[in-house]
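All heavy atoms count here, side chains included; hydrogens, waters and symmetry mates do not.
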Amino acid sequence: RGLGDVYKRQVQVYDWFYDGSAEQMGIRSLEYAPDAPRARGEGFLKAVCDFSGAGGGAGYIGSNWDHEEDFTRKTVTFNLYIPEALKAGNYRIRFYLMSTPGFWNWVKDSSETFPIENSGWNRVSYRWDKAGLSGNAEKTREVGLIIEKSPDSPDWTGSIYFDDIGWKNE
């Protein structure tokens with residue numbers, strides 16, 4: 001099913017995944033949600049989260065594809081709903097991209113870390129440039145968002161909602 005305006009044009013809910021590895025279990029599942037808190041419109045990606053204990057330090061959602069896309073000077077934008085308890089807990093976000101500069105040689109790059117400063121619906125964006133990348137933004141095959149605890153963050157369990165995820169040249 002399509003989610004939001006961007007989902008209908010670029011990706012569908014089944015194109016998104018979460019990391020379920022042992023050290024990154026902050027996000028436990030992704031699912032389609034017909035509605036979200038204080039939202040306008042219908043159709044959202046719901047991330048069910050459990051940032052507790054040693055295994056809940058970070059989690060990410062992402063989307064990958066079977067071709068290379070040039071993300072040089074492209075801005076990636078996520079519209080996401082942050083509950084008050086997550087904002088108050090000193091959590092942070094980072095953007096990431098995966099590129100394949102060699103044949104199936106995946107390289108992960110991430111942005112600097114940004115504090116989550118506002119609860120409710122937030123529009124967060126990041127522009128990728130060539131400088132400072134280990135991989136090659138011209139050969140991007142995956143993009144996503146990392147949510148992580150700060151060393152002093154309390155445990156948190158709940159849901160984060162995503163809508164209007166996209167990218168464009170700036």
With sequence neighbours excluded, residues passing side chain to side chain contact (heavy atoms under 4.5 Å, CB included) with Glu68: Thr100, Lys139, Arg141
Set of side chain to side chain contact (heavy atoms under 4.5 Å, CB included) partners for Pro115, sequence neighbours left out: Glu117
Test salt bridge (Lys or Arg N to Asp or Glu O under 4.0 Å) applied to Arg127 - qualifying residues, sequence neighbours left out: Asp129
Ring-face cation of Lys168 near Phe71 (centre distance under 6.0 Å, axis angle within 45°): no
All ring-ring contact (aromatic ring centres under 6.0 Å, His included) counterparts of Tyr81, not counting sequence neighbours: Trp121
Sequence-distant partners of Glu84, side chain to side chain contact (heavy atoms under 4.5 Å, CB included), two or more places apart: Lys87, Ala88, Ser119
Distance flag, aromatic centroids of Phe51 and Tyr91, threshold under 6.0 Å: yes
Nearest-0.5 Å distance that lies between atom CG in Leu97 and atom OG in Ser110: 9.0 Å
Residues forming a side chain to side chain contact (heavy atoms under 4.5 Å, CB included) with Thr113, sequence neighbours excluded: Arg92, Arg94, Glu148
Cluster link Val107 to Phe95, ILVMFWY, side chain under 4.5 Å: no
Check: Trp106 and Ser99 side chains under 4.5 Å, non-hydrogen atoms: no
Backbone N/O of Ser134 and side chain of Asp109: donor-acceptor pair under 3.5 Å: yes
Partners meeting side chain to side chain donor-acceptor pair (under 3.5 Å) with Thr75 (sequence neighbours left out): none
All salt bridge (Lys or Arg N to Asp or Glu O under 4.0 Å) counterparts of Asp155, not counting sequence neighbours: Lys149
Residues that Thr77 engages under side chain to side chain donor-acceptor pair (under 3.5 Å), provided they are two or more places apart: Ser125
Transitive ILVMFWY side-chain link Val48 to Leu80, under 4.5 Å: no
Lys46: side chain to side chain donor-acceptor pair (under 3.5 Å) partners, not counting sequence neighbours: none
Partner residues of Asn122 under the side chain to side chain donor-acceptor pair (under 3.5 Å) criterion, sequence neighbours left out: none
